[in-house]
Amino acid sequence: MYWPFKIVIWFLSAIALLASNLVLSADFSVSWRSVDSQIESEWTEGRFANLGFTDAELQMRIVSDKPIEDSSVLTLSPSYIDRVEVQFYDTHLRLIKTSIKGDKTAPQNTSTDYDIGLLTFELPEGTQQIKVFARSTSNLRFTADIKDKERIHTQQVISIALKTFIATVVVVSMILVLIPLLIFRSPLYLSFLLYQMSWLALLTGLENIPSVMNNSLYFLSDQLVSFGVITATLLGSATHAIIFQRYLGLKRTGWLLWITAALAGLNWVTFIFIDSRLGLQNNAFVLSVVPVLIILILLIARPRSIKKVSLWKSTRIPYLLLMLLVLGSGISGLGLGNLLSVNYTHALITTLILGFILYQIVKAEIKTIQFRADKTRAIAMRNNLLNTELKDTQQLIHMLTHEIKTPITTIKMKLYKSEQRESIVQQLDMIEGILVQSLRALDLEQGSYAPEQIFIGRRIYDQWFAIAPEKSDKIIKLRSFEGVTLKCDKTELDVILRNLLSNAYKYAHAHSKVLVVVAKESDKIKLSVSNSTDMIDAAEAKHVFEKYWRSSKARSNRGTGLGLWIVKMLCKKRGYKVEAKMRGNRFRVTLQFPTA
């Protein structure tokens, strides 16, 4: 058996033991009726009456077989009643004393020494008949008992001990929920914390503690009960909505509960600005209807996600019990029987069941975190292995590149007097260029970054003459403000410029100009390189920065498809903006550098 249910069974046993001493003496007969401006009901025997939300007055008549001689006390519970007037009569039906109490009435001709959770009225000596007249904004109901002072004192001691235990459970749940709240930062735990705080306020009002502490604070009990019960509905609905949506995967049930929370908010507005009774009555109606819908959903629904089925199975039965409890309170609040009052028993059961559900959720979240941690460790181990293999591959490629470049240089030297020297060297240069580009692609994430002020115009010319033959039919035209400098790494800037200019030179029309424009603005420097070409279509411009991508028209020319990708990666690494556009037959790449 789950530990929360063991505590509930123990507590209910204690309540039953306490209730065994609450039976009205057999020497008294009790009857009650409801009276309003138009209808006066028949007298009904019984010491419990529940009129629900009504404008009527509840009248109760208690008649003794003989005049009371010992010291006895009339108790009415619960204590959240707006106004109760009690009249004591002797054998000849002569009025001996009138006492008045209530949430909205200052105590008159009576004390509040024993008014913790109930209203007490000391019976004057010689009392044989008692008449009670009660009205209330909230649910009008109470149970009448007559006990001697010694017995009521004993019962109050036991009751206070039990209720202190329950209040302690509520406070402990608030403290414990701070742990997952600080760890997981989930709104669920914050909502539960506020929900428990509303329960504490509600229980404080139910026990009539403000009035017991100070007679002039009688009105606080009514406010704490009224605001507490509506707030508990709002926050409880929000808590359950988060559980159903986020953790059980029942989205529609979650939305139903969010609607319930919104209705509770409307009840707040109704209570404050329109009609206080209507706000409380609507709240009781919500507590009667919504649990029925949720119970039906709990019986037929099932999470679609396999990951949430386990949590669903462990919380389904506790949730059914909780919804039955809420349903009982709602029905009782509407005036149908004495199923379950909103009291400490409700608070204990709600706290234990909801606490058990949260405990299951915390366990599930811990398992999820452990799974993610294991997955992260596995990924880290795999990445370490991949990095090791990548470094080995890079070292191998560096070695092969160096070994290949050496014979290429030797071949160039041996072709000094060859008639085909120029064409062969051109082919060798292409091979060497492919090797260089491959090395640059491997070294993108490595190397140090040493920014310095660089005259960009000079670097543009240096890189152009490094790639263009002396007798080239293509020329460069530079438009730039004199003395424009950039603060960047010179090696990286050379790589960017060489790849841009090399790409423009390679694919430009014969006998054309490669136009380079450098423009300085307030907070940035723009560099654009453009050339006329028919090697790319306008729709393909968005692909030029993709790794290994080459235009279908340009595949007859040798190349790696790495040049502009390297430019893009370097710009991304340093936060530079780069874009490519094709307008007419002119292809343009534009870069933006920060001025500082």
Sequence-distant partners of [X], side chain to side chain donor-acceptor pair (under 3.5 Å), two or more places apart:
X	value
N585	none
R586	S530
S191	T239
T485	Q453

### Message
With a 4.5 Å cut-off on side-chain heavy atoms, are M197 and M174 touching?
### Response
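They are in contact (side-chain heavy atoms under 4.5 Å apart), so the answer is yes.
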### Message
With a 4.5 Å cut-off on side-chain heavy atoms, are P594 and K487 touching?
### Response
no
So with a 6.0 Å cut-off around [atom1] of [X], is the heavy-atom count from everything else above 12?
X	atom1	value
R588	CZ	no
K513	NZ	no
M582	CE	yes

### Task
Decide side-chain contact (heavy atoms from CB on, under 4.5 Å) for Y507 and I536; before the verdict, give the C-alpha distance in whole Å, the side-chain angles of both, and the deciding distance to 0.1 Å.
CA-CA 9 Å; Y507 299 110; I536 186 172; over 6 Å; no
### Pairing residues for D537 by the salt bridge (charged side-chain N to carboxylate O under 4.0 Å, His left out) criterion, not counting sequence neighbours
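Residues passing salt bridge (charged side-chain N to carboxylate O under 4.0 Å, His left out) with D537: K553.
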### Contacts of type salt bridge (charged side-chain N to carboxylate O under 4.0 Å, His left out), residue K524, not counting sequence neighbours
E521
### Step-by-step side chain to side chain donor-acceptor pair (under 3.5 Å) determination, T590 to E579
CA-CA 5 Å; T590 304; E579 60 180 358; 4.9 Å; no
Just verifying a value: how many Å separate [X] [atom1] and [Y] [atom2], rounded to the nearest 0.5 Å?
X	Y	atom1	atom2	result
K520	L486	NZ	CG	9.5 Å
K367	R372	NZ	CZ	15.0 Å
L299	M323	CG	CE	12.5 Å
L190	L194	CG	CG	4.5 Å
F545	W565	CZ	CH2	13.5 Å
L497	N499	CG	CG	9.5 Å

Whether [X] side chain and [Y] backbone form a donor-acceptor pair below 3.5 Å:
X	Y	answer
S198	Y195	yes
S512	H509	yes
N283	G279	no
T351	V170	no
K474	A508	yes
S472	A468	no

### Query
Which pairs with one or both residues in residues 374-388 pass salt bridge (Lys or Arg N to Asp or Glu O under 4.0 Å), sequence neighbours excluded?
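Passing the test, one end in residues 374-388: D374-R377.
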N/O donor to acceptor pairs below 3.5 angstrom from side-chain atoms of residues 252-268, sequence neighbours left out:
residue, atom, partner, partner atom, Å
W258, NE1, Q245, OE1, 3.0
T260, OG1, L256, O, 2.9
N267, ND2, L263, O, 3.3
W268, NE1, T231, OG1, 3.3

May I have the list of side-chain donor-acceptor pairs in residues 457-466 shorter than 3.5 Å, sequence neighbours left out?
residue, atom, partner, partner atom, Å
R459, NE, D494, OD1, 3.1
R459, NH1, D462, OD2, 3.4
R459, NH2, D494, OD1, 3.1
R459, NH2, D494, OD2, 2.7
Q463, OE1, R498, NE, 2.9
Q463, OE1, R498, NH2, 3.4
Q463, NE2, D494, OD1, 3.4

### Derivation and outcome, side-chain contact (heavy atoms from CB on, under 4.5 Å), residues L527 and V517
CA-CA 6 Å; L527 167 68; V517 179; over 6 Å; no
### Task
Verify side-chain contact (heavy atoms from CB on, under 4.5 Å) between R302 and K313, making sure each step is shown before the conclusion.
CA-CA 9 Å; R302 184 181 179 86; K313 289 181 178 180; 4.0 Å; yes
Can you list the residues that meet the ring-ring contact (aromatic ring centres under 6.0 Å, His included) rule with [X], with sequence neighbours excluded?
X	value
Y189	none
F587	none
Y247	none

### Task
Please test E492 against R574 for salt bridge (Lys or Arg N to Asp or Glu O under 4.0 Å), starting from the C-alpha separation and ending with a verdict.
CA-CA 10 Å; E492 291 184 355; R574 300 304 172 199; 2.8 Å; yes
### Task
Can you spot which of V529, V514, V495, N531 makes a side chain to side chain contact (heavy atoms under 4.5 Å, CB included) with L500?
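The single option meeting the side chain to side chain contact (heavy atoms under 4.5 Å, CB included) with L500 is V529.
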### Query
Would you say the side chains of H543 and E540 form a donor-acceptor pair under 3.5 Å?
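Their side chains do not contain a donor-acceptor pair, so the 3.5 Å distance test is not met.
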### Task
State, without any angle test, whether Q196 and S173 hold a side-chain donor-acceptor pair at a distance under 3.5 Å.
yes
### Task
Please lay out, stage by stage, how F356 and Y319 fare under the test ring-ring contact (aromatic ring centres under 6.0 Å, His included).
CA-CA 10 Å; F356 172 77; Y319 245 123; over 10 Å; no
### Full working for side-chain contact (heavy atoms from CB on, under 4.5 Å) between C571 and L591
CA-CA 8 Å; C571 290; L591 284 77; 3.5 Å; yes
